[in-house]
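One structure is given below, encoded as structure tokens.
We count ligands from 1, going down the list as the structure has it; atoms in each ligand are counted the same way.
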Amino acid sequence: MTNRVKVAVTGAAGQIGYAILFRIASGQMFGPDTEVELQLLELPQALGALEGVKMELDDCAFPLLKNIVCTDKMEVAFKDANWILAIGAVPRKDGMERADLLKVNGGIFGPLGKAMAEHSAPDSKLFVVGNPCNTNCYIAMEASGLDKSRFFAMTTLDEKRAKTQLAQKAGVDVTEVTNMTIWGNHSATQYPDFYNAKIGGKSAAEVIGDETYLKDEFITTVQKRGAAIIKARGASSAASAANACVNGVYALTHDTPAGETFSMCLASKGEYGVDEGLIFSFPCRVENGELKVVEGQEHNEFGQEKFNATLEELRTERNTVKELGLV
Ligand code: NAI
């Protein structure tokens, strides 16, 4: 029997949208045996551009792509959707306070959560890319009233960035780097954990043997990679963000290779002392179709300090959205 998934994509005519839709339609997100229907959401002013993207998708004659819907209405885009990829969001502009950013995105993600509950498939899941992705996801989750296990936000791009940095520093192939966990928030406080990451099965910190580099340059390079790309390209990362989203959803829908973990922001059940319900990035595995947070990883004093800082930031964001009445 052939599987079929309905995938809603918000912000579909944006940069990431343009890079991701062709990869979903070609089967890279759900695998070669799963047909896809794309339900694309945009703001009214971007519907013209979205129509052009649809024409290009048609022109690819993808064998797995069975339908494309373009709309500016959430209830149409989310109708019976199995996955909602929330890419559209309002970016931070110069002079904008974090509270303003949360407020404006709360205006998108509150209604999005409600529309998900009302219109999407009973098994639907939300994967948030649009920033601030952890807290946007939290707002949608709270607004939806749905089971918290259906909500995710993306630190996959940070994980991939960190893997490549470690591989290049160690002079090994990127496939040698495993268990690269990003802890916490997809923000400048994220902690790319080089102590628990492995190179060729050994601690990355031991293999590289230069803790000064790891604690300083490595972490800052990963945290500031987005800004470096904007500086070089004149536009924010799009193809790599789309790639990360493809890989992130693939990781959630396929069993994880033996010994490997992947980073995913999801609602804490209290693992590692993280407040229940916070959307926090943890090391994860899927086994026999079941997603779990990998427990038992240890942090030294440096790691615990980084962990606490990113946890504290997420608590503050949650408290701000509560104070603003967004949840
Ligand atoms: P973009 O500005 O090119 O595209 C965003 C699109 O969303 C636009 O076409 C806009 O019309 C649409 N949009 C805005 N509000 C919407 C709404 N309420 N409903 C439907 N569509 C809406 O931006 P880009 O480069 O595609 O990035 C999208 C988001 O992804 C940004 O928030 C960015 O910060 C975030 N991002 C997240 C990453 C992560 O690792 N989590 C990595 C890279 C980007």
Side-chain angles (χ1 to χ4, degrees), residues 8-21 23 39-54 69-78 81 84-93 96 98 101-116 126-140 143 151-162 182 184-190 192 222-230 233-249 262-266 279 281:
V9 180
T10 81
Q15 284 202 94
I16 298 175
Y18 189 68
I20 201 169
L21 296 176
R23 299 199 47 193
Q39 306 186 160
L40 310 178
L41 182 71
E42 257 301 346
L43 297 176
Q45 62 269 29
L47 283 178
L50 187 60
E51 193 52 36
V53 179
K54 178 184 181 296
V69 172
C70 297
T71 179
D72 59 357
K73 297 190 176 50
M74 273 196 212
E75 63 269 27
V76 176
F78 295 178
I84 298 172
L85 311 180
I87 298 173
V90 176
R92 193 169 187 162
K93 302 196 180 76
M96 204 182 204
R98 193 141 183 105
L101 180 73
L102 292 171
K103 200 171 183 173
V104 72
N105 280 292
I108 298 176
F109 283 83
L112 188 151
K114 289 199 179 89
M116 175 181 174
L126 177 69
F127 189 93
V128 181
V129 174
N131 282 319
C133 63
N134 296 58
T135 297
N136 286 342
C137 184
Y138 177 78
I139 294 169
F151 294 83
F152 306 99
M154 184 166 98
T155 40
T156 320
L157 179 55
D158 311 289
E159 176 193 324
K160 305 286 175 198
R161 286 169 170 167
I182 306 294
N185 202 1
H186 168 72
S187 76
T189 65
Q190 62 172 271
V222 176
Q223 288 172 341
K224 296 196 175 150
R225 187 71 166 177
I229 286 165
I230 293 175
R233 206 174 82 87
S236 61
S237 26
S240 56
N243 178 66
C245 184
V246 169
N247 288 178
V249 174
F262 61 89
S263 298
M264 189 59 60
C265 307
L266 46 77
I279 301 288
S281 181

Quick test: of every protein heavy atom, which one is nearest to [atom], and how far off is it to 0.1 Å?
{"atom": "atom 26 (O) of ligand 1", "answer": "Ile16 N, 2.9 Å"}
{"atom": "atom 17 (C) of ligand 1", "answer": "Leu43 CD2, 3.6 Å"}
{"atom": "atom 34 (O) of ligand 1", "answer": "Asn131 ND2, 2.9 Å"}

Can you find an N or O of [X] that's nearer than 3.5 Å to an N or O of ligand 1?
{"X": "Gln15", "result": "yes"}
{"X": "Ile108", "result": "no"}
{"X": "Glu42", "result": "yes"}
{"X": "Ser237", "result": "no"}
{"X": "Val129", "result": "yes"}

Side-chain heavy-atom pair [X], [Y] within 4.5 angstrom cut-off:
{"X": "Arg161", "Y": "Ile229", "result": "yes"}
{"X": "Val246", "Y": "Ile20", "result": "yes"}
{"X": "Leu41", "Y": "Thr71", "result": "yes"}

Could you tell me whether a side-chain N or O of [X] sits under 3.5 Å from a main-chain N or O of [Y], the two making a donor and an acceptor?
{"X": "Asn136", "Y": "Ala89", "value": "no"}
{"X": "Asp72", "Y": "Leu47", "value": "no"}
{"X": "Ser263", "Y": "Ile182", "value": "yes"}
{"X": "Gln15", "Y": "Ala238", "value": "no"}
{"X": "Gln190", "Y": "Gln223", "value": "no"}
{"X": "Asp158", "Y": "Val222", "value": "no"}

Check each heavy atom of [X] against ligand 1 and say whether those closer than 4.0 Å belong to the side chain, the backbone, both or neither.
{"X": "Ser236", "result": "side chain"}
{"X": "His186", "result": "side chain"}
{"X": "Leu157", "result": "side chain"}

Q. Would a 4.0 Å cut-off, counted as strictly less than, catch a protein heavy atom around atom 4 (O) of ligand 1?
A. yes
Q) Right, does atom 23 (O) of ligand 1 have protein non-hydrogen atoms nearer than 4.0 Å? A) no
Pull out every atom of ligand 1 sitting under 4.0 Å from any heavy atom of [X], numbered as shown with elements.
{"X": "Ile87", "result": "28 (C), 29 (C), 30 (O)"}
{"X": "Ala241", "result": "42 (C), 43 (C)"}
{"X": "Gly11", "result": "6 (C), 7 (O), 12 (C), 20 (C), 21 (N)"}

Q: Say whether Arg225 and Ser240, considering side chains only, have a donor N or O and an acceptor N or O under 3.5 Å apart.
A: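 There is no such pair between these side chains.
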**Q.** Leu50 CG to Leu21 CG distance, which is reported to the nearest 0.5 Å
**A.** 8.0 Å
Q. Looking only at heavy atoms of Ala238, does any of them come nearer than 4.0 Å to an atom of ligand 1?
A.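 It does not, in that no heavy atom of Ala238 comes within the 4.0 Å cut-off of ligand 1.
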